[in-house]
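Within every chain, numbering begins at 1; the chains are lettered A, B, ... in the order of the sequence lines, protein sequences first and strands thereafter. Treat the numbers as computed from the prediction; the structure is a model and nothing was measured. Heavy atoms only: backbone and side chains are in, while hydrogens, waters and symmetry mates are out.
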Amino acid sequence: MIGYACITLGNSVDPLRGCTKKNATNETLSSVIGHNLTSLSQALHYNHQNNIQLFRISSDIIPFGSSPVNSLPWKDSFGEELTSLGELVRRFKIRVSMHPGQYTVINSPHQDVVDRAIEDLIYHASFLDSLSLDASHKLILHIGGIYNEKEAAMDRFISVYQYLPENVKARLVIENDDRLYSVADVLAISSATGIPVVFDTLHHEVNPPHQNDKSMVEWLLLCKNTWKRNDGCQKIHYSQQSPSGKAGAHSQTIGIEAFLSFYHALEQYIPSGDLPDIMLEVKDKNLSAVKCINSLAHPGKIRTLEEEWSRYKYNVLEHDHAIYLKIRALLKDKTIYPAVEFYRLLEAALSKTIRPEAADNAAAHVWGYMSPFATQKEKEAASLKLTALHNNEISSDLVKKFLYRLAVKYEQTYLLDSFYFTF
DNA sequence: CACCGTCAAGTCGCA
DNA sequence: TGCGACTTGACGGTG
């Protein structure tokens with residue numbers, strides 16, 4: 001399976017809400033939780049409709065879930081919602097996970113930090129428990145800090161682990177990070193504790209073991225051995241270096257070519273029924289998940305690519321008119337399934353900078369959906385905005401927001417389902 | 001309504 | 001001892 005983390009781009013899932021500590025009244029918390037559970041339900045439906053069976057639930061689903069700031073008995077007051085969310089997860093056969101961030105540290109020398117970290121793990125595990133999910137739905141944790149003494153810090157991790165509640169231990173898996181604990185370190189902790197290891201490809205590239213005597217696939221296979229029957233199949237994190245960012249920064253999108261060569265390398269060592277679940281960590285989230293899934297579909301349907309094209313076409317148009325025409329031509333032949341070539345062209349277009357004339361052209365196409373219904377006032381506003389965009393006097397974001405409001409008003413679902421307003 | 005500083009968390013490097 | 005950087009997306013106050 002291939003999946004993505006926390007956020008579903010596009011217009012089919014309402015973003016999660018949050019609040020600050022000082023605004024965290026019971027009323028606010030309750031309304032945010034209600035909203036967020038609805039959002040999760042939307043995400044599960046989106047994933048199901050798009051053949052995505054791997055999804056990370058955001059730690060922010062319950063604001064201040066492990067803090068005294070939130071004393072709401074949310075498991076009870078949202079019991080029905082949680083039960084039906086769990087049913088959805090099982091019905092859709094989606095494997096979910098949660099991933100406390102870098103600030104949840106159980107190997108700290110400070111007892112209060114450890115206590116809060118344990119509370120945080122309990123919160124995460126109890127959220128998954130509240131959905132009645134089995135132990136293959138995991139909780140991913142980094143090892144923590146080093147504190148000038150790595151051996152001792154690793155020992156502390158191991159001894160704290162022993163005393164974690166059973167429902168946390170049943171779900172806990174550990175991951176190599178991009179600075180401190182390499183896959184070799186994490187495997188050492190795994191052999192002392194039996195905790196399964198999530199292999200993170202980019203962290204491994206940025207922070208390889210000191211004695212790096214193995215290929216990436218060999219390390220990945222060692223991690224595979226740490227997954228036992230009840231844990232479900234091996235999970236890994238896959239991401240690519242952002243060309244513009246610092247080392248370890250995630251890319252905007254998953255480059256399909258590099259992804260496929262990685263995947264095909266795995267296929268040479270692992271039988272197809274036993275390949276790991278791959279969590280993509282990437283800025284464009286579900287968009288890359290769909291891309292990778294479609295690119296691996298072996299008898300793929302051209303219809304799937306046509307639907308993808310309908311979502312991306314105006315984004316492509318505003319980046320590169322020539323590629324827009326190329327993709328249109330590529331999808332003319334309904335007897336083939338040119339997924340990889342399609343995404344290659346898509347990536348080529350979207351990586352180009354937008355020129356004002358092209359942005360104007362795309363906006364004019366989009367405006368064409370609304371213009372038959374628009375009021376005189378809206379027509380005048382549109383004309384002004386499009387001209388200003390053409391002359392590079394206003395940002396295309398501004399024009400998109402204007403067009404988005406009209407698309408909502410006139411219920412242009414074709415546009416609302418597209419990514420034109422997304423990025 | 002656009003903009004941008006702030007918020008949460010813990011560690012680590014550097015004064 | 002203390003402070004800023006690091007990370008992330010949304011909040012929330014300002015203009």
How many Å lie between [atom1] on [X] and [atom2] on [N], as a whole number?
{"X": "A:Q102", "N": "B:dA9", "atom1": "CD", "atom2": "P", "result": "13 Å"}
{"X": "A:H142", "N": "C:dT8", "atom1": "NE2", "atom2": "C1'", "result": "13 Å"}
{"X": "A:K385", "N": "B:dA2", "atom1": "NZ", "atom2": "C1'", "result": "13 Å"}
{"X": "A:K283", "N": "C:dT8", "atom1": "NZ", "atom2": "P", "result": "7 Å"}
{"X": "A:K150", "N": "B:dC12", "atom1": "NZ", "atom2": "P", "result": "11 Å"}
{"X": "A:Q111", "N": "B:dG10", "atom1": "CD", "atom2": "P", "result": "13 Å"}
{"X": "A:D14", "N": "C:dG9", "atom1": "CG", "atom2": "P", "result": "18 Å"}
{"X": "A:N36", "N": "C:dC11", "atom1": "CG", "atom2": "C1'", "result": "13 Å"}

Closest to the [X] side chain, choosing from [options]:
{"X": "A:I7", "options": "B:dA8, C:dC6, C:dG9", "value": "C:dG9"}
{"X": "A:K401", "options": "B:dA2, B:dC12, C:dC6", "value": "B:dA2"}
{"X": "A:L180", "options": "B:dC1, B:dC12, C:dC11", "value": "B:dC12"}
{"X": "A:K285", "options": "C:dG9, B:dG10, B:dA8", "value": "C:dG9"}
{"X": "A:K22", "options": "C:dG12, B:dA2, C:dG13", "value": "C:dG13"}
{"X": "A:L398", "options": "B:dG10, B:dA8, B:dA2", "value": "B:dA2"}
{"X": "A:K246", "options": "C:dG12, B:dT11, C:dT7", "value": "C:dT7"}
{"X": "A:P15", "options": "C:dA10, C:dT7, B:dC12", "value": "C:dA10"}
{"X": "A:V113", "options": "C:dC11, B:dG10, B:dC1", "value": "B:dG10"}

If only side-chain N and O atoms of [X] are considered, is one of them under 4.0 Å from the OP1 or OP2 phosphate oxygen of [N]?
{"X": "A:R179", "N": "B:dG10", "answer": "no"}
{"X": "A:T104", "N": "B:dG10", "answer": "no"}
{"X": "A:K21", "N": "B:dT6", "answer": "no"}
{"X": "A:S108", "N": "B:dT11", "answer": "yes"}
{"X": "A:R116", "N": "B:dG10", "answer": "yes"}

Next item on the list: Check every strand shown and say whether A:S58 touches a base, only sugar-phosphate, or nothing at a heavy-atom separation below 4.0 Å.
Entry: nothing

Notebook entry, point to check: Contact class for A:G18 vs. all strands (heavy atom < 4.0 Å): base, sugar-phosphate, or nothing?
Noted result: sugar-phosphate

Note to self: If the threshold is 4.0 Å, N to carboxylate O, is there a salt bridge linking A:E380 and A:K377?
What the structure shows: no

Margin query: So, applying side chain to side chain contact (heavy atoms under 4.5 Å, CB included) with A:V160, which one of A:V105, A:D155, A:I106 is it?
Written below: A:I106

Item checked: Exam field: side chain A:D277 to backbone A:M1, donor-acceptor pair closer than 3.5 Å -> yes

Check: Counting distance only, does the side-chain N/O of A:N36 pair as donor-acceptor with the main-chain N or O of A:I61 below 3.5 Å?
Finding: yes

Check: Can you find an N or O donor on one side and an acceptor on the other, under 3.5 Å apart, linking the side chain of A:Y103 with the base of C:dT7?
Finding: yes

Notebook entry, point to check: Can the ring centroids of A:F199 and A:H204 be said to lie less than 6.0 angstrom from one another?
Noted result: yes

Check: Hey, does A:F373 have a side-chain heavy atom less than 4.5 Å from the side chain of A:E378?
Finding: no

